[in-house]
A.B. asks: 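Please read through the structure below; I'll follow up with questions.
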There are 2 protein chains.
Amino acid sequence: MKTKIGAKNCLYPLPTVLVGANVNKKPNYIAIAHVGITSLGSVCLGLGKAHYTNAGIKKNKTFSVNTPSVRMVKETDYCGLVSGKSADKAALFNTFYGKLKTAPMIEECPINMECKLITTVDLANSEVFIGEVTATYCDETILTDGVVDFGKVQPILFVMNDRSYWKLGERFAKAWDVGRELVQKK
Amino acid sequence: MKTKIGAKNCLYPLPTVLVGANVNKKPNYIAIAHVGITSLGSVCLGLGKAHYTNAGIKKNKTFSVNTPSVRMVKETDYCGLVSGKSADKAALFNTFYGKLKTAPMIEECPINMECKLITTVDLANSEVFIGEVTATYCDETILTDGVVDFGKVQPILFVMNDRSYWKLGERFAKAWDVGRELVQKK
């Protein structure tokens, strides 16, 4: 039995990330989870037009995507509560830069992706920044056999519907594999 | 100590969904997890250009996003293994339509979003479809006090790095709340 619940966005959970950009030549970080993957090598960010970060991304044509761990939930949530207009959020973290020079990254986050802006899509109330991942940095402690292990990353998953953060559960099946028995039946 | 791992996309986990589109006037479903939220009311899909689904989305300017539960992992994975060119994937499910008429939805999925195409972004090897969520349908059993409860939905989370599906863990903090104590300190 289906219930209609209005035009409610339910594409959750999504990973909460700290997006880094230089604004007025200084590093700034914003917490968002309205993000996505647009192709194997690119990501998108949906940012309300009022945000301080947008001007920095447009000026430098670079940004970073930093994945915080559950142990960083307070700092992460704080970076979604206050604006870079009035607070120096970069003071909470150690910042480093990569070869793009203008995409500040957070040392304390286990994964950092340095991105180059490909294009911007203008929507009614938000701007969508699509960027190519040009380099990825991570802590050695989150690798298993050289591959990023999200069980070790412990990302902060976000759900808008009940305004909450969730942990990742267990790995339970292999992709492009568990459905093979249905292919054989056909 | 940071390790460089190349230009590796690590914006995971993302929710695995079944995207519905009418192709050649018949319903078709593809499993993807390269998706995201672009604004409060819109979503994006990153689809390789070779996929069968793309022509249907472009023709009708509609699509659906259906969230399967972990109990549907075999059917979901199957819809990522085979193409609508050679298999009638809709035969696996009961299809229903909403007011957009051309966005087929899956009865067995606990959440269905009916979407209207806003714009398409052409990337090197993929097309990004951005759509407005115009109506959302869900099973009553996944609601808690009228709000979608992802603990009940049990979505299938996807990680490309180790090609695996993960379960959602526990809700552990409130968003726009847990970081308030840092605001007060400043």
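Lettering of chains follows the sequences in order, A, B, ..., and the numbering in each one begins at 1.
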A.B. asks: Same hydrophobic cluster for A/Val43 and A/Ile32, using side-chain heavy-atom links shorter than 4.5 Å among ILVMFWY?
C.D. replies: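 Hydrophobic grouping puts A/Val43 with A/Ile32.
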A.B. asks: Any side-chain to backbone donor/acceptor pair from B/Tyr165 onto B/Val70? Under 3.5 Å, distance only.
C.D. replies: no
A.B. asks: Quick check: under 4.5 Å, non-hydrogen atoms only, which of residues 111-121 of chain A neighbour chain B?
C.D. replies: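 Heavy-atom contacts from residues 111-121 of chain A to chain B are A/Ile111, A/Asn112, A/Met113, A/Ile118, A/Thr119, A/Val121.
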A.B. asks: If you count heavy-atom pairs within less than 4.5 Å of chain B, which of A/Gly6, A/Gly80, A/Gly146 leads?
C.D. replies: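 Among A/Gly6, A/Gly80, A/Gly146, the one with the most close pairs to chain B is A/Gly6.
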A.B. asks: Which region of A/Leu123, side chain (C-beta onward) or backbone (N, CA, C, O), has a non-hydrogen atom less than 4.5 Å from a non-hydrogen atom of chain B, or is it both or neither?
C.D. replies: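 Only the side chain of A/Leu123 comes within 4.5 Å of chain B.
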A.B. asks: Are A/Glu127 and A/Lys58 ion-paired here, with the side-chain N under 4.0 Å from a carboxylate O?
C.D. replies: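 Between A/Lys58 and A/Glu127 there is a salt bridge, with a charged N closer than 4.0 Å to a carboxylate O.
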A.B. asks: Among A/Glu170, A/Glu140, A/Lys8, which has the most heavy-atom pairs under 4.5 Å with chain B?
C.D. replies: A/Glu170
A.B. asks: Heavy-atom distance under 4.5 Å to chain A: side chain of B/Thr136, backbone, both or neither?
C.D. replies: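 For B/Thr136, backbone and side chain are both near chain A.
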A.B. asks: Looking at A/Val73, A/Leu40, A/Leu81, which one has more heavy-atom pairs under 4.5 Å with chain B than the rest?
C.D. replies: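 With the most close heavy-atom pairs to chain B, the winner is A/Leu81.
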A.B. asks: Looking only at heavy atoms and a cut-off of under 4.5 Å, which of B/Gly36, B/Ala33, B/Cys138, B/Pro110 has the most pairs with chain A?
C.D. replies: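 Of the candidates given, the most pairs with chain A belong to B/Cys138.
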A.B. asks: Does a side-chain N-to-carboxylate-O contact under 4.0 Å join A/Asp149 and A/Arg171?
C.D. replies: yes
A.B. asks: Using distance only, find each side-chain donor-acceptor pair of residues 150-160 of chain A under 3.5 Å and give its atom names and separation, not counting sequence neighbours.
C.D. replies:
| residue | atom | partner | partner atom | Å |
| --- | --- | --- | --- | --- |
| A/Lys152 | NZ | A/Leu143 | O | 3.0 |
| A/Lys152 | NZ | A/Thr144 | OG1 | 2.8 |

A.B. asks: Highest number of heavy-atom pairs under 4.5 Å with chain A: which of B/Tyr12, B/Phe172, B/Tyr137?
C.D. replies: B/Phe172
A.B. asks: Identify which part of B/Asn125 has an atom lying under 4.5 Å from any heavy atom of chain A, answering side chain, backbone, both or neither.
C.D. replies: neither
A.B. asks: For B/Glu107, is it the side chain, the backbone, both or neither that has a heavy atom under 4.5 Å from a heavy atom of chain A?
C.D. replies: both
A.B. asks: Give the interface residues of residues 44-57 of chain A toward chain B, defined by a heavy-atom separation under 4.5 Å.
C.D. replies: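 The stretch touches chain B at A/Cys44, A/Gly46.
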A.B. asks: Is it true that the side chains of B/Tyr29 and B/Thr95 contain a donor and an acceptor less than 3.5 Å apart?
C.D. replies: yes
A.B. asks: Can you say whether B/Val148 sits under 4.5 Å from chain A via the side chain, the backbone, both, or neither, judging by heavy atoms?
C.D. replies: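 B/Val148 touches chain A through backbone and side-chain heavy atoms alike.
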A.B. asks: At a heavy-atom distance under 4.5 Å, which candidate from B/Leu11, B/Leu14, B/Asp177 has the highest pair count against chain A?
C.D. replies: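 That would be B/Leu11.
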A.B. asks: List the atom of A/Pro104, the atom of A/Pro27, and the distance in Å for their closest heavy-atom pair.
C.D. replies: CB-CB, 3.6 Å
A.B. asks: Checking B/Asp145 against chain A: side chain, backbone, both or neither under 4.5 Å from a heavy atom?
C.D. replies: neither
A.B. asks: Looking at A/Glu132, A/Glu75, A/Lys174, which one has more heavy-atom pairs under 4.5 Å with chain B than the rest?
C.D. replies: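 The option with the most such pairs is A/Lys174.
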A.B. asks: For chain B, which candidate among A/Thr67, A/Val133, A/Thr3, A/Asn161 shows the most heavy-atom pairs at distances under 4.5 Å?
C.D. replies: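 The residue among A/Thr67, A/Val133, A/Thr3, A/Asn161 with the greatest pair count is A/Thr3.
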A.B. asks: Begin with the C-alpha distance, continue with both residues' side-chain angles, and end with the deciding distance and a verdict on side-chain contact (heavy atoms from CB on, under 4.5 Å) for B/Asn66 and B/Val19.
C.D. replies: CA-CA 6 Å; B/Asn66 306 273; B/Val19 170; over 6 Å; no
A.B. asks: Under 3.5 Å, is there a donor on one side chain and an acceptor on the other for B/Ser42 and B/Ser39?
C.D. replies: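 A pair is found: one side chain offers a donor N or O, the other an acceptor, under 3.5 Å apart.
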A.B. asks: Is the side chain of B/Asp139 donor-acceptor paired with the backbone N or O of A/Lys2 at a distance under 3.5 Å, no angle test?
C.D. replies: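 No: the side chain of B/Asp139 does not pair with the backbone of A/Lys2.
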A.B. asks: Answer yes if the side chains of A/Ser164 and A/Asp162 hold a donor-acceptor pair under 3.5 Å, and no otherwise.
C.D. replies: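 Side-chain D/A pair, A/Ser164 to A/Asp162: present.
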A.B. asks: Which atom names give the shortest non-hydrogen contact between B/Gly84 and B/Asn28, and what distance separates them?
C.D. replies: CA-OD1, 3.4 Å
A.B. asks: With A/Asn60, which residues qualify under side-chain contact (heavy atoms from CB on, under 4.5 Å), at least two apart?
C.D. replies: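 A/Asn22, A/Thr62, A/Thr102.
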A.B. asks: Please tell me whether A/Leu100 and A/Ile130 are part of a single hydrophobic cluster in this structure, the criterion being side-chain heavy atoms less than 4.5 Å apart.
C.D. replies: no
A.B. asks: Of the backbone (N, CA, C, O) and the side chain (C-beta and beyond), which part of B/Val147 lies under 4.5 Å from a heavy atom of chain A, both, or neither?
C.D. replies: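 Answer is side chain: those atoms of B/Val147 sit under 4.5 Å from chain A.
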A.B. asks: Spell out, as yes or no, whether a donor-acceptor pair under 3.5 Å connects the side chain of B/Ser83 to the backbone of B/Lys85.
C.D. replies: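 Yes.
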A.B. asks: Can you say whether A/Val35 sits under 4.5 Å from chain B via the side chain, the backbone, both, or neither, judging by heavy atoms?
C.D. replies: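 Both parts, heavy atoms under 4.5 Å.
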